[in-house]
Amino acid sequence: MSSQIFSGSQGIVYVGSDAVASIRSFSIEETQETIDATTMSTTGANAFRTNKPTFKSWSGTVDVFWTVTPAGTTSDGGAACASTRPGNTEVTFHFWPSGDNSNELGYTGNALITSRTISTSVDGMVEASFSVVGTTALTTENGS
């Protein structure tokens with residue numbers, strides 16, 4: 001069985017149809033909640049809890065370099081800047097860990113932006129980070 005290992009340097013994130021500019025890194029996390037369905041009659045040396053699956057969810061973060069356009073407006077997130085501020089509007093995200101070329105695997109889903117941080121230090125670049133929480137299932141998609 002052969003596997004291919006990918007470099008993260010080709011990763012791309014889209015907000016809608018706009019690529020997020022100056023991306024440094026991103027992560028997505030899928031989770032499965034469970035409930036404890038253990039009964040009182042579960043006893044003995046080999047007793048284990050009985051867990052049942054319930055809700056699934058996903059969340060993510062995107063880290064970018066903060067930039068300024070010629071017009072003087074901030075563009076942390078590039079063309080998608082207006083869509084990377086926290087708010088109550090759902091946004092469609094497309095995450096491509098190794099690029100969006102033909103036969104590449106990506107993930108897409110609608111999400112709410114829950115936070116945005118802009119940070120700077122005396123010995124580093126100005127960076128921005130935003131966090132999202134999914135409002136629809138995270139599905140797989142193939143590159144174009």
Side-chain angles (χ1 to χ4, degrees), residues 1-39 42 45-144:
M1 175 183 186
S2 69
S3 300
Q4 187 173 357
I5 298 173
F6 297 95
S7 168
S9 65
Q10 299 300 312
I12 303 169
V13 176
Y14 290 90
V15 176
S17 61
D18 296 323
V20 176
S22 304
I23 189 168
R24 298 264 304 137
S25 65
F26 70 87
S27 66
I28 48 178
E29 177 184 32
E30 295 179 89
T31 59
Q32 169 74 61
E33 292 182 27
T34 60
I35 55 173
D36 187 344
T38 307
T39 63
T42 305
N46 294 321
F48 284 90
R49 291 194 176 276
T50 303
N51 291 289
K52 301 290 183 185
T54 60
F55 300 107
K56 296 178 183 179
S57 62
W58 69 271
S59 61
T61 60
V62 180
D63 300 314
V64 299
F65 284 127
W66 187 82
T67 59
V68 178
T69 66
T73 59
T74 61
S75 62
D76 46 312
C81 175
S83 301
T84 61
R85 299 187 80 168
N88 57 4
T89 302
E90 267 188 346
V91 181
T92 301
F93 279 88
H94 303 272
F95 298 95
W96 296 96
S98 60
D100 62 353
N101 294 329
S102 180
N103 298 319
E104 299 293 348
L105 179 64
Y107 302 90
T108 187
N110 291 347
L112 293 172
I113 309 292
T114 57
S115 69
R116 181 175 67 166
T117 303
I118 298 171
S119 59
T120 187
S121 66
V122 70
D123 60 348
M125 304 293 290
V126 180
E127 298 184 37
S129 177
F130 56 94
S131 299
V132 302
V133 64
T135 57
T136 63
L138 189 65
T139 60
T140 58
E141 60 183 329
N142 290 317
S144 54

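What you see below is based on every heavy atom in this structure, not just the backbone, and it leaves out hydrogens, waters and symmetry mates.
Thr117 meets the side chain to side chain donor-acceptor pair (under 3.5 Å) test with no other residue; sequence neighbours excluded. Here Thr54 pairs with nothing under the side chain to side chain donor-acceptor pair (under 3.5 Å) rule; sequence neighbours left out. Residues meeting the side chain to side chain donor-acceptor pair (under 3.5 Å) test with Ser121, sequence neighbours left out: Asp123. Residues passing the ring-ring contact (aromatic ring centres under 6.0 Å, His included) test with Phe26, sequence neighbours excluded: Phe95.
Proximity of Val15 to Phe93: side-chain heavy atoms (C-beta onward) are separated by under 4.5 Å at one or more points. Contact of the Ile23 side chain with the Val62 side chain is registered, since non-hydrogen atoms from C-beta on lie closer than 4.5 Å. In this structure, the side chains of Glu141 and Trp96 come closer than 4.5 Å at one or more pairs of heavy atoms.
Here CG of Leu112 is found 12.5 Å from OG of Ser59. Values are rounded to the nearest 0.5 Å. The distance from the CD1 atom of Ile28 to the OG1 atom of Thr61 is 10.0 Å, given to the nearest 0.5 Å. Rounding to the nearest 0.5 Å places CG of Asn51 at 9.0 Å from CD1 of Ile35. Atom-to-atom distance recorded for Tyr14:OH and Thr108:OG1 is 12.0 Å, nearest 0.5 angstrom.
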Identify each donor-acceptor pair in which a side-chain atom of residues 127-137 lies under 3.5 Å from a protein atom, sequence neighbours left out, and give them as a table.
from, atom 1, to, atom 2, distance (Å)
Ser129, OG, Asp63, OD1, 2.7
Ser131, OG, Ser115, OG, 3.4
Thr135, OG1, Glu90, OE2, 2.5
Thr135, OG1, Asn110, O, 3.3
Thr136, OG1, Asn110, N, 2.9

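The shortest heavy-atom contact between Gln32 and Pro53 is NE2-CB, 3.5 Å. Contact record, Gly106 with Pro97: CA-CD, 4.4 Å, taken as the closest heavy-atom pair. Nearest heavy atom pair, residue Trp58 against residue Ala111, reads CH2-CB, 3.7 Å. The shortest heavy-atom contact between Ala37 and Lys52 is CB-CG, 3.7 Å. Smallest separation of non-hydrogen atoms from Gly99 and Glu104: O-CB, 3.2 Å.
Each salt bridge (Lys or Arg N to Asp or Glu O under 4.0 Å) pair with one or both residues in residues 25-38, not counting sequence neighbours, appears once here: Asp36-Arg49.
Although no hydrogens or angles enter the test, the distance criterion places no donor-acceptor pair under 3.5 Å between the side chain of Thr140 and the main chain of Tyr107. Judged purely by atom type and a 3.5 angstrom limit, Ser27 has no side-chain atom pairing as donor or acceptor with the backbone of Gly60.
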